[in-house]
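Structure record follows, encoded as structure tokens.
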Amino acid sequence: MKMNPRMLMRIVAIVVVIGLFGWQWWSKHHAVVKLDATPNHAAASVSAVVAPAKPVKPAPPATIKLGKLTLTACELARPHSAVTTPAFCTMFPVPEDRADPKSRTIELKLAIVKSQSQVPAKDLVTYLAGGPGQSAIQTWPEIAAGLAPLLKHHDVLLLDQRGTGDSHPLKCPAVEKQMRKQADAEPNMAQQVAWIGQCAQEVEKTSDPRFYTTSDAVADLEAVRQALGAPKLDLVGVSYGTRMAQHYAEAHPDAVRSIVLDGVVPNQLVLGATFAEALQHSLKLQAAACSATPACKKAFGDWYATLHRLYAKLKAGPAPNVTFADPSSNEPVTRALTADTLAGVVRLFSYSAATQALLPLAVNEAAHGNYAPLMGQSQLITSDLSASIEGGMQMSVLCSEDAPLLKPRPQDADLLLGNQLIDASIAECKVWPHALMPKDFHAPFKSSIPTLLISGERDPVTPPSYAAEVLQDLSDGRSLVVKGMGHAEAINAGCMPDLINQFVDKLQPKKLDAACLDKLGPIPAFVNFNGAAP
């Protein structure tokens with residue numbers, strides 16, 4: 001569910017440099033010259049003033065020992081950048097099928113980003129990535145700003161969930177090669193399902209997709225925690241990671257000191273069931289903001305109505321042979337624009353405040369026959385998502401935990417997204433191997449653990465009402481909503497990183513002074529390609 005902020009910033013041509021917080025050691029070296037008085041030199045005293053030698057920072061240790069694990073110094077890469085984050089990494093073996101002692105062993109990659117303090121707090125901040133299918137290690141640059149204040153006194157654990165990143169990913173290179181060859185064609189449902197089935201057959205040569213679920217990942221995290229010396233964890237879950245955090249805390253409440261959830265997924269929620277409804281809610285908020293801004297209203301009128309007229313037009317017949325420049329290569333690409341493509345692009349535009357600001361302009365241009373802005377961003381968004389999410393692991397999670405409960409919703413038939421994602425998930429999961437869902441998997445999360453819930457006001461996937469639903473069963477929780485924000489981006493916004501640091505430090509969510517969030521708001525809508533009105 002989570003999008004790549006690098007792509008979002010690129011869309012509006014803003015380069016954001018995120019400070020990477022490592023650890024440092026300082027030592028002071030003072031050169032002292034002692035001149036002994038010699039008895040043979042009467043009344044002689046000699047003093048010398050010598051400038052201190054320049055302090056030399058010792059090299060960081062090549063390895064560290066935490067509990068039973070020895071971790072080696074490593075550098076965490078940042079996509080499309082030479083900047084790296086210093087850390088300590090290791091591989092951790094676990095059984096693929098915990099119920100079968102003879103099952104194959106797989107390895108999980110984990111990293112520790114060290115605190116700036118030489119004596120960090122005993123509790124360990126643990127980042128749980130979104131998706132499902134994203135790597136905690138690879139997406140660390142996206143969350144680093146939000147957790148930067150915590151690094152002053154805490155180490156951070158990054159564990160690639162099984163099936164993601166370098167933790168035995170469920171890949172099917174032969175099928176992916178076929179898909180790349182046909183990238184310019186719009187696949188129909190039958191072709192998509194066929195590819196999923198072929199991918200499953202390829203994956204099964206090296207893995208059993210049934211054992212790459214949230215429940216398996218909960219057991220993995222506990223095994224890693226025990227190997228690290230059983231520290232208390234401060235869980236930070238983002239998007240799908242909020243589901244992971246709740247299930248881990250429910251299974252191991254004594255292991256969890258605090259919980260921060262951004263883009264909250266209630267345990268009761270069946271992923272995919274309410275996507276159409278949530279998107280429509282977000283679009284209405286965006287449209288209301290445009291109508292309330294004179295420049296936006298003058299430029300686009302009722303763009304919400306314009307969007308639906310454009311959708312109806314494409315539903316009657318796609319726009320064929322739309323040529324646009326590929327944003328990555330600048331090479332010309334020609335494709336058809338369908339109603340379903342439009343709905344998907346509008347949904348992904350709505351994930352971020354940055355791309356929300358472009359949506360009225362892009363829709364208006366398309367309504368007047370210029371489809372290139374929408375199609376170009378579609379190409380950019382989908383390519384970045386496919387690069388950041390492991391589709392095999394995502395299928396294992398959704399097909400085990402959600403698809404069995406999915407069914408078309410008649411009330412969504414006339415909405416922009418309709419039931420297309422529900423229909424696709426049901427069809428695809430018929431050919432993907434999956435486990436049986438635990439009986440109480442979707443029971444509400446009830447807890448007394450101090451918990452901070454964070455939401456974006458315009459989130460098109462996990463709106464603030466989801467956080468409110470979770471909050472009902474928390475005896476020590478607090479929900480914060482950031483105006484104008486989209487999905488899973490509030491954690492980095494404004495003063496939120498400092499609020500998170502205060503919360504983890506004091507464990508008093510209800511006493512947080514969150515007035516600083518009132519200063520935050522949406523990015524004004526672009527009225528033309530030069531930007532918003534002055």
Side-chain angles (χ1 to χ4, degrees), residues 1-2 91-110 126-139 158-176 195-225 237-248 251 265 267 270-272 385-406 425 428-438 441-442:
M1 295 186 293
K2 189 174 184 297
M91 302 300 293
F92 185 79
V94 295
E96 186 178 50
D97 177 5
R98 291 184 173 276
D100 180 6
K102 296 182 180 180
S103 74
R104 70 169 59 87
T105 296
I106 62 174
E107 289 193 318
L108 311 179
K109 184 173 182 178
L110 65 94
T126 303
Y127 163 50
L128 305 173
Q134 288 193 315
S135 154
I137 292 173
Q138 293 172 6
T139 59
L158 308 175
L159 173 62
D160 277 356
Q161 190 167 328
R162 59 168 62 197
T164 73
D166 290 325
S167 292
H168 202 81
L170 305 183
K171 290 187 176 296
C172 45
V175 175
E176 290 170 5
W195 279 337
I196 295 294
Q198 293 169 24
C199 181
Q201 293 175 10
E202 192 173 352
V203 165
E204 286 184 305
K205 295 176 182 178
T206 58
S207 313
D208 190 332
R210 296 176 300 164
F211 303 118
Y212 290 77
T213 67
T214 302
S215 300
D216 295 304
V218 165
D220 290 342
L221 178 55
E222 176 59 12
V224 168
R225 186 184 77 91
V238 175
S239 192
Y240 160 76
T242 68
R243 171 182 282 186
M244 175 66 183
Q246 291 171 79
H247 279 278
Y248 179 82
V265 178
N267 277 356
V270 177
L271 288 179
L385 277 178
S386 63
S388 67
I389 292 181
E390 293 291 350
M393 179 271 190
Q394 184 175 82
M395 292 294 296
S396 291
V397 168
L398 298 181
C399 294
S400 299
E401 301 168 7
D402 301 286
L405 300 175
L406 281 177
S425 295
E428 291 168 0
C429 286
K430 288 180 179 178
V431 298
W432 187 267
H434 51 276
L436 292 176
M437 179 174 52
F441 186 83
H442 285 288

Non-neighbouring partners of Tyr248 that pass ring-ring contact (aromatic ring centres under 6.0 Å, His included), sequence neighbours left out
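Residues passing ring-ring contact (aromatic ring centres under 6.0 Å, His included) with Tyr248: His252.
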
Donor-acceptor check, side chain of Glu390 to backbone of Gly133, threshold 3.5 angstrom: yes or no?
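Here the side-chain-to-backbone pair does not exist.
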
Under 3.5 Å, side chain of Ser103 to main-chain N/O of Asp97, donor-acceptor pair present?
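Yes, Ser103 side chain to Asp97 backbone: donor-acceptor pair under 3.5 Å.
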
With a 4.5 Å heavy-atom cut-off, do [X] and [Y] have their side chains touching?
{"X": "Tyr127", "Y": "Val238", "answer": "yes"}
{"X": "Asp402", "Y": "Ser425", "answer": "no"}
{"X": "Arg104", "Y": "Asp208", "answer": "yes"}
{"X": "Met437", "Y": "Leu405", "answer": "yes"}
{"X": "Val218", "Y": "Met244", "answer": "yes"}
{"X": "Trp432", "Y": "Leu398", "answer": "no"}

Nearest 0.5 Å please: distance from the [atom1] atom of [X] over to the [atom2] atom of [Y].
{"X": "Met393", "Y": "Leu170", "atom1": "CE", "atom2": "CG", "value": "8.5 Å"}
{"X": "Glu176", "Y": "Cys199", "atom1": "CD", "atom2": "SG", "value": "6.5 Å"}
{"X": "Asp216", "Y": "Ser396", "atom1": "CG", "atom2": "OG", "value": "9.0 Å"}
{"X": "Leu158", "Y": "Thr139", "atom1": "CG", "atom2": "OG1", "value": "8.0 Å"}
{"X": "Ser400", "Y": "Phe211", "atom1": "OG", "atom2": "CZ", "value": "10.0 Å"}

Any donor-acceptor N or O pair under 3.5 Å, side chains Gln161, Tyr240
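Yes, because at least one side-chain N or O of Gln161 sits under 3.5 Å from a partner of the opposite role on Tyr240.
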
Mind checking what makes side chain to side chain contact (heavy atoms under 4.5 Å, CB included) contact with [X], not counting sequence neighbours?
{"X": "Glu204", "value": "Pro209, Pro433"}
{"X": "Ala174", "value": "Glu202"}
{"X": "Thr126", "value": "Leu124, Leu128, Leu157, Leu221, Leu233, Leu235"}
{"X": "Ser215", "value": "Thr213, Pro438, Phe441"}

Restricting to salt bridge (Lys or Arg N to Asp or Glu O under 4.0 Å), what partner residues turn up for [X], sequence neighbours left out?
{"X": "Asp166", "value": "Lys109"}
{"X": "Asp220", "value": "Arg98, Arg162"}
{"X": "Glu428", "value": "none"}

Would you check, one step at a time, whether the test side-chain contact (heavy atoms from CB on, under 4.5 Å) holds for Cys172 with Gln198?
CA-CA 8 Å; Cys172 45; Gln198 293 169 24; over 6 Å; no

So, for [X] and [Y], which heavy atoms are closest and what is the spacing to 0.1 Å?
{"X": "Leu406", "Y": "Gly272", "result": "CD2-C, 4.0 Å"}
{"X": "Ala223", "Y": "Phe92", "result": "O-CZ, 3.7 Å"}
{"X": "Cys399", "Y": "Ala403", "result": "CA-CB, 3.9 Å"}
{"X": "Val397", "Y": "Pro132", "result": "CG1-CG, 4.0 Å"}

Side chain to side chain contact (heavy atoms under 4.5 Å, CB included) with His168: which of Ile106, Asp160, Thr105?
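With His168 as partner, side chain to side chain contact (heavy atoms under 4.5 Å, CB included) holds for just one option, Ile106.
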
Partners meeting side chain to side chain donor-acceptor pair (under 3.5 Å) with [X] (sequence neighbours left out):
{"X": "Thr242", "answer": "none"}
{"X": "Glu401", "answer": "Thr214, Arg243"}
{"X": "His434", "answer": "none"}

